[in-house]
Number of protein chains: 2
Amino acid sequence: MNFDAITIRDIARELHLSVSTVSKALRDSYEISEKTKKLVTEFAQKHNYRPNPMAQSLKKGHSKSIGIVVSSIDNQFFSQVINGMESEAYSQGYNVIITQSHESYELEVQNVGHLIHRAIDGLLISIATETADVEHLRRLQQQGLPIVFFDRVSNEIDTHKVIVDNLGGAYQATMHLLASGYKNIAHITSSVTSSVTNQRLAGYVDALVESGIEVNEQYIKYCLHGGLNLDELEQAIDELMQTEPRPDAILTASDRITTSTMTLLHKKNIRIPQDVALVGFSNTVLADVLNPSLTSVHQPAFEIGRKATEMLLSIINSKRPITEFENVVLPTELFIRSSSASKLK
Amino acid sequence: MNFDAITIRDIARELHLSVSTVSKALRDSYEISEKTKKLVTEFAQKHNYRPNPMAQSLKKGHSKSIGIVVSSIDNQFFSQVINGMESEAYSQGYNVIITQSHESYELEVQNVGHLIHRAIDGLLISIATETADVEHLRRLQQQGLPIVFFDRVSNEIDTHKVIVDNLGGAYQATMHLLASGYKNIAHITSSVTSSVTNQRLAGYVDALVESGIEVNEQYIKYCLHGGLNLDELEQAIDELMQTEPRPDAILTASDRITTSTMTLLHKKNIRIPQDVALVGFSNTVLADVLNPSLTSVHQPAFEIGRKATEMLLSIINSKRPITEFENVVLPTELFIRSSSASKLK
DNA sequence: AATTTTTACGCAAACGTTTGAGTTAGCTTG
DNA sequence: CAAGCTAACTCAAACGTTTGCGTAAAAATT
């Protein structure tokens, strides 16, 4: 702890100045002469003075750190998002404190509590699939905590949000499958309560309806744990494969579900795309080298994180309370690869 | 910030007690009667009192947070490691602050500086490939900062370390290639200065020597940026493919190098394993569904993170200075898949 | 030269907590 | 019953900063 334990007091003593003079000199106050400022800053520089952040935090009432809640850090999409957050926060002198909800409501509440306890200046959160009630967040917001939602947002709380064009992404992916000759397209998604799920589902439905294809409810499977629970996903796939007519393509709605589905199809010796085509939301850098290479809806994850953090910091640094909130929607990108190779010749 | 802004002072006022009585009651001091303790704790409970962590930190001289430096969070191996760290730290009431060095020495120094500035109680670090000089870390350790190395450790600093059996992992992988009929095995690794690189290289060499095969220096390629820089890696592969006799197998020494090599081989239409077999250190969960499925040396990443954190916290919480340091070596596991399919029939 | 203004600095309180050193009142002891 | 002891508190300093206010000297204005 007490490394280069030089404090403002030490500087004051050495330079025969008062503590407040030193403090003001370092903060470049107009009250202090240029000469003294120079003296102090040079001395501080030379002795590698660093203000004690805890004393500053205590005094100023903020901690220069922001809290992050994601479902799991061990997930290409989220780790890329966090990468963007860390980058932006760091460049503005903030630290990030990362916590994982593992899609559990209980853990989410607990983590947020812990973060508040650590006196974060703001919160970046993608709510857990399990979470249906966001009262705990609303209360915090009303008490003045700046919050920015990303990815999985809540409609019930009014604040800045950063999402991607989920509807468009799913629509485009579904249209691509249809154009490639697939007729019976299934959709595996996560919890019904999630904003992301609903938007992607809507894109899927829109594409079907627009193409004059009836939506078959049996083709839509919900996985409450977002693919974290393999059994749940396996059951969904098994059910799909027994549905008549059997689906000839699957659209998966999240990174984890996509990769897990791929793994399970392999395990079951179901060939992609001959037996069933696969298109999924995924940010894996390995899409190209998968077997088969994976047609994926890619999200600008880094940019999501960067933008969300930028917006959060703008709330934090704003003098007046914010009442107008922005809803940033970033585009997705469809990468067409072999897992959805055309059936037509 | 000032959420449930109830302080010890508020409690004291309400209960007509002094601030110190309340503080001592909450800390269960023998100086306070059971009756008063009960009164105070119940009041605190009811009003959801939480001690201000910054005031506590300032007073007690520690921050209950530990710093982490990894090359990149967006990397399966490291995100799994961090997952383990976060889990252990959190369970002991500590926060983690994560920073990324992106394999740059300069960034590493800067990040460590920032972490110290944030008054971390300890440091978990995997040093950057670029880093040759660890003087900056040694100085901090001498000043009393508890440090635990993981993955990329330094021999020049004596402290707890958590690594895997790099030599054994590389040895086993090389032996497997030899047993599968591959004769000309190349090795792509990262910086020469890295402990990991050296150990894996040694395992590779040992296996060859033990099998009576001469080590061909031209088969060993170093990538200073650990695969972050694709050009560098592409050049290494190009050179290998022009070496006579051309290698019939490659052992890659890190997660990033492995996946990038796979991507590049695809791009160049070099078939795996027909043209060249591939075995790599990697923690990707997608190894099974790659094309071809990837023979990989897997590291217990979560456990590395968990163990390193446990050891760091034991130093932090130790009354007396530690002089005896442990060097934990965890086993790797070789998963044999198609990218190294036997040449023999 | 007397006044006001400006410059440059010091004092002290405050942020919320912890803790060693008092300070009572009630109790025990010889 | 005086002297000491204990239990149960309170006081006040301290952690390292920041900041409003006070003030002396220098400079500018009458």
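In what follows, chains carry the letters A, B, and so on, assigned in the order in which the sequence lines appear, proteins first and then strands, with residues in each chain numbered from 1.
- The phosphate of C/dC9 has neither OP1 nor OP2 within less than 4.0 Å of any side-chain N or O from A/Thr21.
- Side chain B/Lys60 to base C/dT19: no donor-acceptor pair is found below 3.5 Å.
- Ring centroids of B/Tyr94 and B/His62 are separated by 6.0 Å or more, keeping the two rings apart.
- Nearer the 5' end of DNA chain D, as judged by each residue's closest nucleotide, is the contact made by B/Tyr30, out of B/Tyr30 and A/Leu58.
- Not one side-chain nitrogen or oxygen of A/Ser57 sits closer than 4.0 Å to the OP1 or OP2 atom of D/dT17.
- The side chain of B/Ala55 sits closest to C/dT17 out of C/dT17, D/dT18, C/dC9.
- Taking atom NZ of A/Lys24 as the reference point, atom C1' of D/dT23 lies 12 Å away to the nearest angstrom.
- OP1 or OP2 of D/dT17 has at least one side-chain nitrogen or oxygen of A/Tyr49 nearer than 4.0 Å.
- Here the side chain of A/Asn52 is nearest to one of C/dC9, D/dG16, C/dG16, namely D/dG16.
- In this structure, B/Lys38 does not pair ionically with B/Glu34, as no charged nitrogen and carboxylate oxygen lie closer than 4.0 Å.
- Both B/Pro51 and B/Glu31 lie close to DNA chain C; mapped to their nearest nucleotides by heavy-atom distance, the more 5′-ward contact belongs to B/Pro51.
- Under 4.0 Å is where a charged nitrogen must lie from a carboxylate oxygen, and between A/Glu326 and A/Lys307 no such pair does.
- One N or O donor and one acceptor, one from the side chain of B/Lys59 and one from the base of C/dT18, sit under 3.5 Å apart.
- For the pairing with A/Glu108, the side chain to side chain donor-acceptor pair (under 3.5 Å) check across A/His136, A/His102, A/Gln100 returns one residue only, A/His136.
- For A/Ser20, whose side chain is taken as the heavy atoms from C-beta onward, the closest listed nucleotide among C/dC11, C/dT17, D/dT18 is C/dC11.
- A/Arg27 comes within 4.0 angstrom of the backbone, heavy atoms only, and of no base.
- Close to D/dT18, at under 4.0 Å from its OP1 or OP2, lies a side-chain N or O of A/Gln56.
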